[in-house]
Amino acid sequence: MKIENSIETFNSLVKRRGFIWGPSPEIYGGFAGFYSYGPAGMALKNNILELFRQECRYFGFGEVECPTIMPSIVWEASGHLERFIDPVMRCNKCNTLYRADKFLQENLPDLMIDGLSFEEMEKLINKHELTCPKCGNNFQKIEEYNLMLKTSVGNNVTAYLRPETATTTYLLFNRLDQDARRQYPIKIYQFGKAYRNEISPRQGVLRMRSFDQFELQMFISREQEMEFVDYEEVKLNKLPLLDWKMQEKGIDKTNLISLDKAIKDKILKKPAYAFCLYVAHYLIKVLSIPEELIRFRQHSLNERAHYADDAWDLEIKTRQFGWIEICGIHDRTDYDLRRHAEYSKQNFEISMGADPNIKEVPQVLEIAFGIDRIIYTLLETTFNVEEGRIILKLNPNLAPNTVAVFPLVRNKENIRKFALKIHRELLENRIGSFYDAAGSIGKRYRRQDELGTKWCITIDYESLDDNCITLRDRDSMEQIRINISNLSEIIKKKQRE
RNA sequence: GCGCUCGUAGUAUAGUGGUAAUAUGCUGGCUUCCCAAGUCAGCGUCCCGGGUUCAAUUCCCGGCGGGCGCACCA
């Protein structure tokens, strides 16, 4: 295989080194929109999650986990049943699929199409004798295309696989309210699978039908939204913002401004929401994604989801797919809790301040990450080819292996034994060590470069006498000799740097 | 979903109406070997189903999957 700095080299690396495989199940030809993680990919994912969980704790978020399947009523209340089902119609002859409502709106711009029933839309088609623009034939009956995956539970009870984790978190609201002893804002996150029945999934793991979300929620009062303690501490941080007014003018360069200024200039409405942007940015920065590849882009009005009052995407620039959404920050207002209160006949009006008589339904601010997209962008943005050497310049804390241990030669038993001993000691100190004795020493270095392993430890003849090993750095390829007595400590110290 | 195009070892590709190749990879041996060395031995492939044919990985049809364009993307 040719080694060049190309996207083809990158794509084959992802497979070769066991990061991502698919579409799964590969042995049966694959199922579009479903992928698997290999050992390296899963190690990377777990390291990301570990870091995220740590940081969430730092920001005061607690974790919950909910079922991935919920009965219809939940999605009726959340609005997904209404909004995730599109009216579609196909041509009798060429089978081309159209969104019925969009098609009608385009052809009959003076009429109000929104909110019409299927029958009413069909009547309009007949009345105006609309036919397939491609081949001129008539349409079949309007059918529904459901973006949610439907299933049945028990004795034929219709249920849906969740299209987001957020809604399932909101269902716990009254529990969380008690659990948090009404200390608002309540900060909660959930990690887990969500499912979307994409019509035609493309771009590999960027648009899967089964994917992982990591969604943070803040239940907060209207007053706190405007006067938020946490915000005060971070408001001088500058973020690369691209609001929709700029986009309308055709500007695609971001404006690096402080949250404070964004609030003053009314680019952002609420300090608590601004804080959410900060958290999203912080979590991405923790992964060592380069600053210049990150931007926040505000949604235009018609881009927003049904529940959102304001929405910004944290986007990362990729080589293969351009700017892609990694995280959506949504001001969901009290929409979800109000709807669930209504449908479940619960009272979600609670007191959040000092005065127990002032009650309101909390506002919800959401930071929603797509974990698989993070993994893809991390791999792609850290991928480097230098003089025929493939290197993943991953943050050392994220790399599947923290260190790799090699005997310089493998046909000398005492060297091999020494190397294995060091490998075991590292493991005992809970350092992710990987042992490899196969192939030349150079080849073993290259293998680890491809996995993003930051440090390689080599045991040679001298080691037997002086108890020193060679520590080789992934990026500089520099080697230093260090004594084995405090090796684990040195690695741990390097990890913290 | 529509159109175009593609599908050959783990990866990247060549090729063919008579079941296949190159590179790399992988396994084992030799080599005191610090950045993909050499050497010997070995491993592994024609997406699935149907049709045409004496014979199909190759041609035809269908399916599945990938890429691109359109549509879709709450």
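Just so it is clear: chains get the letters A, B, ... in the order the sequence lines come, proteins before strands, and each one is counted from 1. Worth saying up front: this structure is predicted, and the values here are computed from it rather than measured.
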For A:Ser440 and B:A36, is the shortest distance between a side-chain N/O and OP1 or OP2 below 4.0 Å? no

Return the pairing partner of B:C43 with a 3.5 Å limit on both distances, Watson-Crick or G-U wobble; otherwise return none. B:G25

With side-chain hydrogen bond (donor to acceptor under 3.5 Å, both in side chains) as the criterion, how do A:Gln320 and A:Asn11 come out once you've worked through the C-alpha distance, each side chain's angles and the decisive distance to 0.1 Å? CA-CA 10 Å; A:Gln320 192 159 210; A:Asn11 287 336; 3.0 Å; yes

Quick one: which of B:C35, B:G1, B:C34 gets closest to the side chain of A:Leu408? B:C34

B:G17 pairs with, by Watson-Crick or G-U criteria that keep both distances under 3.5 Å: none

At less than 4.0 Å, is any side-chain N or O atom of A:Lys412 found next to OP1 or OP2 of B:C33? Yes or no. no

Against the side chain of A:Arg472, the closest entry in B:C35, B:U11, B:G1 is B:C35

Interatomic distance where CZ belongs to A:Phe139 and C1' belongs to B:C2 [whole Å]: 13 Å

Worked verdict on A:Lys269 versus A:Asp331 for side-chain contact (heavy atoms from CB on, under 4.5 Å): CA-CA 10 Å; A:Lys269 285 185 270 187; A:Asp331 180 353; 5.7 Å; no

Determine the interatomic distance between C1' on B:G3 and the same-named atom on B:A55; round to the nearest Å. 35 Å

Rounded to whole Å, CZ of A:Arg16 lies from C1' of B:G25 at a distance of 8 Å

Do the ring planes of A:His306 and A:His80 sit parallel (below 30°), tilted (30 to 60°) or perpendicular (above 60°)? perpendicular

Run the ring-ring contact (aromatic ring centres under 6.0 Å, His included) check on A:Phe19 and A:Tyr37 step by step: do they pass? CA-CA 6 Å; A:Phe19 285 102; A:Tyr37 284 93; 9.3 Å; no

Is the phosphate of B:U31 approached by A:Asn411 (side-chain N or O, under 4.0 Å from OP1 or OP2)? yes

For B:C64, what is the paired nucleotide under Watson-Crick or G-U wobble rules, both distances under 3.5 Å? B:G7

What do you reckon, are the aromatic ring centroids of A:His423 and A:Phe434 less than 6.0 Å apart? no

Measure the distance from CD1 on A:Ile457 to C1' on B:C34 and round it to the nearest whole Å. 14 Å

Taking the six-membered ring for Trp and the single ring otherwise, decide whether the centroids of A:Tyr376 and A:Phe321 are under 6.0 Å apart. yes

B:U57 and B:U8: how far apart are their C1' atoms, nearest whole angstrom? 7 Å

Grab the CD1-P distance between A:Ile20 and B:U11 for me, whole Å please. 15 Å

Checking N1-N3 plus N6-O4 or O6-N4 for Watson-Crick, or N1-O2 and O6-N3 for wobble, each under 3.5 Å, the partner of B:A56 is none

Could you tell me how far B:C43 sits from B:C4 if I compare only their P atoms? Round to whole Å. 43 Å

On RNA chain B, check which nucleotide each of A:Glu478 and A:Arg90 is closest to and give me the residue with the more 5' one. A:Arg90

In this structure, how many angstroms lie between the C1' atom of B:U11 and the CD atom of A:Glu26, rounded? 12 Å

List in numerical order all residues of residues 441-456 of chain A for which some heavy atom is under 4.0 Å away from an atom belonging to RNA chain B. A:Ile441, A:Gly442, A:Lys443, A:Tyr445, A:Arg446, A:Arg447, A:Glu450

Scoring nucleotides 66-74 of chain B by protein non-hydrogen atoms under 4.0 Å (B base, S sugar-phosphate only, - none) yields SSBBBBBBB

Using the P atom in both, what is the distance from B:C47 to B:G66, to the nearest Å? 16 Å

Ring centroid separation A:Phe103 to A:Phe139 under 6.0 Å: yes

For the residue pair A:Phe173 and A:Tyr170, is the inter-centroid distance of their aromatic rings smaller than 6.0 Å? no

B:C30 pairs with, by Watson-Crick or G-U criteria that keep both distances under 3.5 Å: B:G38

Say you pick atom C1' in B:U32 and the same atom in B:U24; how far apart are they, in whole Å? 28 Å

Separation of the P atoms in B:U5 and B:C59, to the nearest angstrom: 13 Å

Round to a whole Å and report the spacing from CG of A:Leu464 to C1' of B:U32. 11 Å

NZ or CZ of A:Arg472 within 45° of A:Tyr445 ring axis and under 6.0 Å: yes

Geometric class of the A:His281/A:Phe296 ring pair [parallel <30°, tilted 30-60°, perpendicular >60°]: tilted

Salt bridge (Lys or Arg N to Asp or Glu O under 4.0 Å) with A:Lys102: which residues, sequence neighbours excluded? none

Separation of A:Arg416 atom CZ from B:C33 atom P, in whole Å? 17 Å

Does B:C2 have a Watson-Crick or wobble partner in any strand here, with both distances under 3.5 angstrom, and which is it? B:G69

Quantified in whole Å, what is the P atom distance between nucleotide B:G7 and nucleotide B:U58? 11 Å

Is the NZ or CZ atom of A:Arg295 positioned over A:Trp323's six-membered ring, under 6.0 angstrom from the centre and within 45° of the axis? yes

Rounded distance (Å) that lies between atom C1' of B:G10 and atom CG of A:Asn11: 16 Å

Work out how far the P atom of B:C26 is from that of B:A20, and round it to whole angstrom. 26 Å

